[in-house]
Amino acid sequence: MTDPIYKTDALIAQDIDAYLSQHQHKSLLRFITCGSVDDGKSTLIGRLLYDSKMIFEDQLTALEADSKRVGTQGEEIDFALLVDGLAAEREQGITIDVAYRFFTTEKRKFIVADTPGHEQYTRNMVTGASTADLAVILIDARKGVLTQTRRHSYLANLVGIRHIVLAVNKMDLVDYSRDIFETIVSEYRDFAGSIGITDFVAIPISGFRGDNITTLSSNTPWYEGPPLMDHLESVEVDNSADQAKPLRLPVQWVNRPNLDFRGFSGLIASGTVKPGDAIRVLPSGKTSSVSRIVTLDGDLDEAVAGQSVTLCLADEIDCSRGDVIAAADNPSQVADQFEATIVWMADEALKPGRAYWLKLGTQMVSATVQAPKYEINVNTMEHLAAKTLDLNAIGVAELATDRPVVFEPYAENRTLGGFILVDKISNATVAAGMLHFSLRRAQNVH
Ligand code: GDP
């Protein structure tokens, strides 16, 4: 079977590595933009890319020409075209679920997750691939807080994104009205409090006109906070928590160029590793120790969460793609039955009992989901009885895998607790989810 998802992860990891190493001295912020169709996500991302001057000259010239031809905004530059133009390029690699845009300013480097299809934006927020620090929740000032806004905020909170920006967009279309802005913010505050979001920053913007994006706008003299870019540049993100956790390295591929070298490559999901450290390969439970940490720039004395490395082990033990290299004295759990929160993302509803591919970290197994225990109403937070999950529904259900998987509760480790479900026939991603706990641990493995 061809395996597009693994390849995608590997490619993304390589891209991200190349980008990160170019700007090593700057701190990183990963963020996502959420909103309904036409709220202005593409325009905002295009504007941020444009204002950070990371667009190549020739792309800009093409953009100006395209805006005149097909833009929705007269003769002015239509920033949405920029992102859509980039979309054409990424569509050549059809397998990419989540696309990443990289840009840097003098102060910081950024990765913004972006999705190819308008309907599929929730996917960003819940796949294991997405490790956003911050979510920009876009609201069209003319429409106010919608069910989508509530759903995205709920998901952002659920997946552990700690920083929320409420960007009230298209302020130019409501005459930069302070009243409208404040009514929206106050309605959002009531809702946010009810789902446990205690803190958010609200900014009145026009992605299209550029108000409060990189500089404060004279159209909103009543607004006292920072422009969006300043906030993105200065919000503090603490990644030290991931490093303090035990070592987890989901093996992406086995690197064996010749008989003398055998290394296990992947992105360190949590913890730190040094040569000499005792490790345990899961799910087999075999132990060994690290002999070398190899990277393209030479061997390392230590590597930490977020780095892509190749580990060589002191012993010739079995270890293949999908396995997890873990701290020997503090390994992950191995189980084949779970309770999970599932976000359904396909037009065709969940079929309880049917087998889907479940992708978790670098593992891929066959899994069946039972009828949900309940569905969550994102407007009221009520639990509703449900027989299945329809498009965009969020529910809690039990699932079983055909063989044991290495996992951790999502709250403790996003990489080993977040999963996606893939339809076995169409190969489309149909759901994303978070494992809460196991209902049955595998025998014979701790
Ligand atoms: P997306 O579907 O969320 O990516 O939305 P787009 O970025 O494609 O924007 C949808 C439409 O709204 C386009 O016609 C944009 O030009 C327009 N738009 C986006 N932001 C603004 C804004 O701040 N002001 C105005 N007037 N139009 C905007």
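Since the structure is predicted, the reported quantities are computational estimates derived from the model, not experimental observations. Read the numbers this way: they start at 1 and go in the same order the structure lists the ligands and their atoms.
The shortest separation from a heavy atom of Gly35 to ligand 1 is not under 4.0 Å, leaving the residue out of contact.
When heavy-atom distances to ligand 1 are checked against a 4.0 Å cut-off, Leu173 comes that close only through its side chain, counted from C-beta outward. Using a 4.0 Å cut-off between heavy atoms, Asn169 contacts ligand 1 through its side chain alone, with no backbone atom that close.
Using a 4.0 Å cut-off between charged nitrogen and carboxylate oxygen, Asp230 and Lys107 do not count as a salt-bridge pair. Ion pairing of Arg162 with Glu236 is absent here, as no side-chain N (NZ or NE/NH1/NH2) approaches a carboxylate O to less than 4.0 Å. Using a cut-off of 4.0 Å between Lys/Arg side-chain N and Asp/Glu carboxylate O, Glu412 and Arg248 are scored as not salt-bridged.
The option with the heavy atom closest to atom 11 (C) of ligand 1, from among Lys41, Arg209, Lys170, Arg142, is Lys170.
Sequence neighbours left out, the pairs with a member in residues 370-407 that pass ring pair (Phe, Tyr, Trp, His ring centres under 6.0 Å) are Phe338-Phe407, Tyr374-His383.
The distance from ligand 1 to the heavy atoms of Gly207 drops below 4.0 Å at these ligand atoms: 23 (O). Numbered from 1 in the order shown, with element, the atoms of ligand 1 that lie under 4.0 Å from a heavy atom of Ser206 read 22 (C), 23 (O), 24 (N).
Using a 4.5 Å heavy-atom threshold, the side chains of Leu435 and Leu416 count as separate.
For Asn255, the side chain to side chain donor-acceptor pair (under 3.5 Å) test picks out no residue, with sequence neighbours left out.
Ligand 1 has a nitrogen or oxygen under 3.5 angstrom from a nitrogen or oxygen of Gly40.
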